[in-house]
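Working notes, beginning with the structure itself.
Letters go in sequence order (proteins before strands), and every chain restarts at 1.
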2 protein chains.
Amino acid sequence: MAGSRRQAGRPVTPVLNRERIAQAALELVSADGTQKLTMAALARHLGVAASALYNHIGGKADLTGLLQDAVMGRVDVSALKAFREGTGTLESALADWARSYRDVFAAHPSLIPLIATLPISGAPATRRMYDVVAAALGHGGVPAQQVVPVIIAFESFLFGSAMDVHAPASIFTSQPGESDAPHFQRFVESFTATLAVTAGGTGGDGREPARDDGERNPYADAPFALGLEALIRATLKLVP
Amino acid sequence: MAGSRRQAGRPVTPVLNRERIAQAALELVSADGTQKLTMAALARHLGVAASALYNHIGGKADLTGLLQDAVMGRVDVSALKAFREGTGTLESALADWARSYRDVFAAHPSLIPLIATLPISGAPATRRMYDVVAAALGHGGVPAQQVVPVIIAFESFLFGSAMDVHAPASIFTSQPGESDAPHFQRFVESFTATLAVTAGGTGGDGREPARDDGERNPYADAPFALGLEALIRATLKLVP
DNA sequence: ACCTGAACACCGTTCAAGT
DNA sequence: ACCTGAACACCGTTCAAGT
């Protein structure tokens, strides 16, 4: 019948594997955030006892590694590959890759603090991504000793920027009277005013309520564009 | 006697306050890392029952906010203040501030993932710091609407860079034969070779063992300098 | 080999009782 | 007001027992 429970003992055909576990973990974390990603909840989502997970993964640290790789694998490196094969410019290829990188993490914001605690490129899909980036930079004429520093500088910025996409907008919502940062407050108003005009957003009066966790932070796009252009320009300057 | 336990009931003079709690939490996290920062361990460090903490702080989220502020308050903004009062250049003031920011977080690496989950400037000391930065940028001639984007771009980069300082060096230690990222591996060798020459470090053979958590990552400095210069240059370009 | 279910040592938080 | 100590609903992980 429908509610039947699986009997104890080895099932005739395996119920779990690392891929199914990673997929379920990603669904869970996307829906409910990092805090709800517990071994018990994950097991329930898979219709299984929590202890069964340990037949396939080493523990929770192993699980986060799986997640890191699953997400990094979605970053679009096709423009960088194309550039290495002679199509397009390094400038636009870097821009495409960087935007994809940030978008991927922006789509899974709750994963960021989780991944932040991990080695930056411990997992295979992550290493593969960096290999493509490195090859493109080398092909573009960036001196060999500078390739890795460039990548790490981008990484730092992209990671921080991805965090920003879902940072609460409360920074922009303090009341003028109670502000302990008057200069900052004034510039925030100048900034949100431009957004209201150019994007037609809700940032006009600077008093919108705190956003849902699933919402995007409109204030993150301009800083991202600014920093990205700065890094790309500096990278191109390294080419002799 | 020495091992005497405090009797139940209100003590004649209070044992705890928010400052003492924050200080103890910082000590704990610096010594043992974020994972060991539990309410029980913190209480033990303070010689108190765990439940006593709740008379002074709202919960663990409140505690992390306290920590964020304690750390942010150590960032040196004196160069920015001086610039606003007519001494020095915006360029060098930004560089000094950025280096201090990164150094402060590099000194408390285990705090980074913890703070990464918090609103970027929820706490008063953090807001005060941003106010000084904003005032200096405005004084330096950065257009009003661009001040906040510049700050956020710096923030993203600095935060990511601080993470990098204590990232495990395992990224640089894979064996040539088993590498699944040959291009990247080659550029890593070019990079570490320059470090071995210029810094006389231990990066010569690219096979040093994983570092202690307390050690600094020598590979983080060049990327930081590169990204910082890129951002400063882009900021100065905004000045009409 | 791969699952269940009980058990273990934790965790953050609440609350009555004490002074 | 500010502490203790017991209690609660969790957590990740281990392991014998089942097939």
Dot-bracket encoding of pairs in DNA chain D, which uses [ ] for pseudoknotted crossings and | for another strand, Watson-Crick or G-U under 3.5 angstrom
||.|||||...|||||.||
For B/S51, report the nucleic acid contact type (base, sugar-phosphate, nothing); a contact means any heavy atom under 4.0 Å.
base
Please determine whether a side-chain nitrogen of the Lys or Arg among A/R74 and A/D69 lies less than 4.0 Å from a carboxylate oxygen of the Asp or Glu.
no
Report yes if the distance between the aromatic ring centroids of A/Y101 and A/F105 is under 6.0 Å, otherwise no.
yes
Is any side-chain heavy atom of A/Y54 less than 4.5 Å from a side-chain heavy atom of A/M39?
yes
Could you give the start and end, 5' to 3', of the contact zone on DNA chain C for chain B, using atoms under 4.0 Å from its heavy atoms?
C/dC11 to C/dT19
Under 4.0 Å between any heavy atoms, over every strand shown, what does A/V12 touch: base, sugar-phosphate, or nothing? Just pick one.
nothing
Would you please say whether a donor-acceptor pair under 3.5 Å links the side chains of A/E27 and A/Q23?
yes
Quick one: does NZ or CZ of A/R127 land under 6.0 Å from the six-membered ring centre of B/F184, within 45 degrees of the ring axis?
no
Counting C-beta onward and ignoring hydrogens, is there a side-chain heavy-atom pair between B/L231 and A/L231 closer than 4.5 Å?
no
Kindly assign one of parallel, tilted or perpendicular to the pair B/F224 and B/F157, based on the angle between their ring planes and the thresholds 30° and 60°.
parallel
For B/R10 and B/V48, take the nucleotide of DNA chain D holding the closest heavy atom to each; which residue's nucleotide lies nearer the 5' end?
B/R10
With heavy-atom distances below 4.5 Å as the criterion, would you say the side chains of B/L16 and B/N55 are in contact?
no
Could you pick out which residue, B/L37 or B/P11, lies toward the 5' side of DNA chain C when each is mapped onto its nearest nucleotide?
B/L37
